Amino acid sequence: MTETNIPLPEQEEQIVEAGVHNFSKEDEWVKLEDPLLLERLEWFKDQKLGLMMHWGPYSQLGLVESWALSDEDGDWSRDDVDWTDDMEDFKREYFDLNKTFNPIRFQPEQWAQMAADNGFKYFLFTTKHHDGFCMWDTKTTDYRITGKDTPFHKHKYADICRVLFDAFRAKGLGISAYFSKADWHTPYYWAPGMERGRHMWRGPSYDPHKYPWMWEKFVEFTHEQIMELLTNYGRIECLWLDAGWVREGRHGQDIRLGEVVERARKTTQPWLLSADRTVGGPYENIVTPEQTIPEHPMNIPWESCITVGHSFAFGFDDQYKSGRQLAHILLEVVSKGGNLALNVGPQPDGRLPKGAIRGIQGLGEWLNTHGEGIYGTRICAPYFTKEWAFTQKADINTVYAFRIYRNENENLEQQLIIPYLEKVERVELVGSDDVLSYQQTTDGLLVELPRSATEGEAPITHTFRLVTTS
């Protein structure tokens with residue numbers, strides 16, 4: 001992932017900055033044929049809200065994860081590297097962060113309970129980012145959370161992926177495993193003494209066409225790591241693959257992903273979905289916009305990954321979105337047919353930032369009342385209009401209309417026109433027992449709110465349950 005700025009509550013425009021890649025187009029999505037995988041995609045579309053976490057030794061610096069290691073990405077990723085001008089020293093310091101990473105205040109059960117209490121349905125965790133540090137007990141490298149150089153390696157929670165996956169599964173959440181296809185630590189990818197010298201970029205330090213034996217070592221290394229996760233760490237719903245530049249046709253970087261995904265589906269995880277980000281083809285089952293929301297609804301499985309703060313990794317001075325803003329982001333995503341993977345960067349000591357928790361709890365409180373119009377829904381015209389968001393549950397002939405209030409001081413009107421033009425049999429106010437009187441007009445449904453709903457501060461939404469005729 002990359003670091004970008006998402007606007008604070010007083011701003012509405014979604015801002016996308018340097019380093020953020022595009023997402024695949026709807027018309028390029030390849031539909032799966034396996035009935036089980038198609039059923040799992042429908043399951044995924046029902047979930048709507050996932051908790052994403054970027055965590056690793058880099059949290060100690062409060063910098064963007066991994067990216068400052070890449071010299072060609074330095075123009076946007078090194079703004080906060082203010083203690084040295086020697087980037088070779090910086091790289092050595094960065095790679096040595098494992099020697100001080102000791103998150104002794106880590107409590108996986110509390111993380112899982114917080115997620116379950118606040119409406120999250122699945123968990124997406126960075127098993128390995130581009131820097132190559134493994135958050136599981138891999139046998140492929142000593143650069144891991146259980147390695148002898150990492151002071152946390154003797155802790156009862158040392159195998160972080162295992163204890164997190166087990167804790168979140170125990171609360172009923174599905175597991176999605178983030179895995180970087182690039183690895184800037186292994187000598188099979190950033191090999192020393194190659195043509196590039198010390199000036200590194202996102203790709204390998206050598207030409208795989210010229211050194212096919214070296215590239216094959218990297219492919220074997222990558223396959224072994226993926227199969228460890230998909231064999232030894234319980235049920236995993238989705239293999240979420242970052243580093244979209246590692247792909248067939250891009251400087252010879254074919255890791256033969258299909259081989260390892262199909263092996264896992266045949267042996268350990270027949271239900272496994274794959275999110276090969278920005279690559280397209282049969283293994284990008286889920287499309288993943290980053291720090292942005294598509295302009296128009298999409299009828300394919302997709303998931304916007306958006307941060308609670310400004311960055312994916314923990315930042316000491318980060319500012320966190322309110323529950324109101326998070327609910328509005330979720331509404332825009334869901335009304336356009338997607339899921340929201342809401343990212344929190346844990347602190348280096350193993351705690352979650354209090355500011356992030358406050359925003360998440362505000363979202364959870366809203367979902368406790370209004371979540372019936374979120375989970376298990378599908379898109380419904382007119383989708384999203386900035387003031388309104390719409391979803392539907394076709395199996396029970398119900399449409400949900402959310403009137404969005406951007407701040408608590410917004411004017412509350414006794415009468416509203418819901419811009420829904422189809423016929424309805426009944427209009428109800430979610431969160432109350434009120435059945436509202438209404439008139440069908442050419443502009444939509446004219447409804448009158450009870451006085452109790454228009455007193456005091458503006459809520460995050462007024463939510464209307466529209467019982468339809470078909």
Side-chain angles (χ1 to χ4, degrees), residues 1 3-15 47-55 59 62 64-65 105 107 110-126 168 171 173 289-293 303-335 338-371 373-375 389 402 404-410 431 457-461 463:
M1 305 300 295
E3 179 175 356
T4 63
N5 287 331
I6 284 287
L8 292 175
E10 67 272 18
Q11 300 171 285
E12 292 189 16
E13 183 182 0
Q14 298 283 338
I15 301 173
Q47 306 310 298
K48 302 306 180 188
L49 183 61
L51 180 63
M52 186 180 202
M53 287 188 178
H54 279 64
W55 198 31
S59 64
V64 58
E65 65 291 340
R105 301 182 75 176
Q107 295 179 289
Q110 285 192 9
W111 289 15
Q113 189 65 59
M114 185 275 296
D117 288 346
N118 290 288
F120 292 91
K121 300 301 182 183
Y122 60 98
F123 178 55
L124 170 53
F125 185 70
T126 48
F168 277 79
K171 297 298 180 183
L173 279 75
E290 177 180 326
Q291 292 285 51
T292 192
I293 301 170
E303 169 192 73
S304 273
C305 38
I306 293 176
T307 53
V308 179
H310 281 97
S311 61
F312 285 97
F314 171 72
F316 289 96
D317 298 321
D318 212 345
Q319 299 178 59
Y320 297 99
K321 299 175 181 67
S322 67
R324 181 183 297 268
Q325 188 184 17
L326 295 177
H328 293 167
I329 290 171
L330 178 62
L331 278 169
E332 182 174 357
V333 168
V334 170
S335 65
N339 286 14
L340 174 62
L342 193 59
N343 183 90
V344 177
Q347 296 177 178
D349 64 0
R351 292 178 297 162
L352 300 181
K354 291 181 180 179
I357 291 176
R358 281 194 295 271
I360 286 171
Q361 288 174 337
L363 172 63
E365 184 178 348
W366 178 82
L367 281 167
N368 189 49
T369 297
H370 303 266
I374 298 294
Y375 306 112
F402 299 84
I404 295 169
Y405 297 102
R406 296 292 174 184
N407 62 72
E408 64 273 12
N409 298 318
E410 193 163 337
E457 294 182 346
I460 292 174
T461 63
T463 305

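By convention here, the first residue in the shown sequence is residue 1. Keep in mind that this is a model prediction, so the values were computed, not measured.
Val344 is not listed as a side-chain neighbour of Tyr320, based on a closest heavy-atom distance of 4.5 Å or more. Using a 4.5 Å cut-off on side-chain heavy atoms (C-beta onward), Ser311 and Val64 make no contact. Residues Thr126 and Glu65 form no side-chain contact, since every pair of their non-hydrogen atoms from C-beta on lies 4.5 Å or further apart. By the 4.5 Å heavy-atom criterion applied to side chains, Thr307 and Met52 are not counted as neighbours. Counting heavy atoms from C-beta outward, Leu340 and Val334 have side chains that stay 4.5 Å or more apart. For the pair Tyr405/Glu457, no side-chain contact is recorded, criterion being any heavy-atom separation below 4.5 Å from C-beta on. Taking the side chain as every heavy atom from C-beta outward, Phe402 and Ser335 never approach each other to under 4.5 Å. The shortest distance between side-chain heavy atoms of Leu124 and Glu303 falls below 4.5 Å.
A donor-acceptor contact shorter than 3.5 Å is absent between the side chain of Lys121 and the backbone of Gly50. Counting only distance, with no hydrogens or angles, the side chain of Ser59 and the backbone of Trp55 share no donor-acceptor pair below 3.5 Å.
A search for salt bridge (charged side-chain N to carboxylate O under 4.0 Å, His left out) contacts involving Glu365 returns nothing, not counting sequence neighbours. Asn343 pairs by the side-chain hydrogen bond (donor to acceptor under 3.5 Å, both in side chains) definition with His54, not counting sequence neighbours. Remark: Glu408 engages no residue in a side-chain hydrogen bond (donor to acceptor under 3.5 Å, both in side chains) (not counting sequence neighbours). Residues satisfying the side-chain contact (heavy atoms from CB on, under 4.5 Å) criterion with Gln110, sequence neighbours excluded, are Gln107. Residues satisfying the side-chain contact (heavy atoms from CB on, under 4.5 Å) test with Asn407, not counting sequence neighbours, are Asn409, Glu410. For Thr461, the side-chain hydrogen bond (donor to acceptor under 3.5 Å, both in side chains) partners are Trp366, Thr463, not counting sequence neighbours. Every residue two or more places apart in sequence or in another chain that forms a ring-ring contact (aromatic ring centres under 6.0 Å, His included) with Phe123 is listed here: Phe125, Phe168. By the ring-ring contact (aromatic ring centres under 6.0 Å, His included) test, Phe316 pairs with Phe314, sequence neighbours left out.
Minimum interatomic distance between Gln113 and Lys171 (heavy atoms only, all atoms of both residues): OE1-NZ, 2.6 Å. When every heavy atom of Pro346 is checked against every heavy atom of Met53, the shortest pair comes out as CG-SD, 3.9 Å. Heavy-atom minimum distance, Ala115 versus Leu51: CB-CD2, 3.9 Å.
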Under 3.5 Å, which donor-acceptor pairs link side chains of residues 350-364 to any protein atom two or more places apart or in another chain?
residue, atom, partner, partner atom, Å
Arg351, NE, Asp349, OD2, 2.8
Arg351, NH2, Asp349, OD2, 2.9

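One finds the NE2 atom of His370 at 12.0 Å from the CG atom of Leu330 (value rounded to the nearest 0.5 Å). Remark: Thr292 OG1 to Ile306 CD1 distance equals 7.0 Å, nearest 0.5 Å. The distance from the CD1 atom of Ile329 to the CG atom of Leu342 is 7.5 Å, given to the nearest 0.5 Å.
Only one option out of Leu367, Asn339, Ile374 pairs with Leu49 in a side chain to side chain contact (heavy atoms under 4.5 Å, CB included); it is Leu367.
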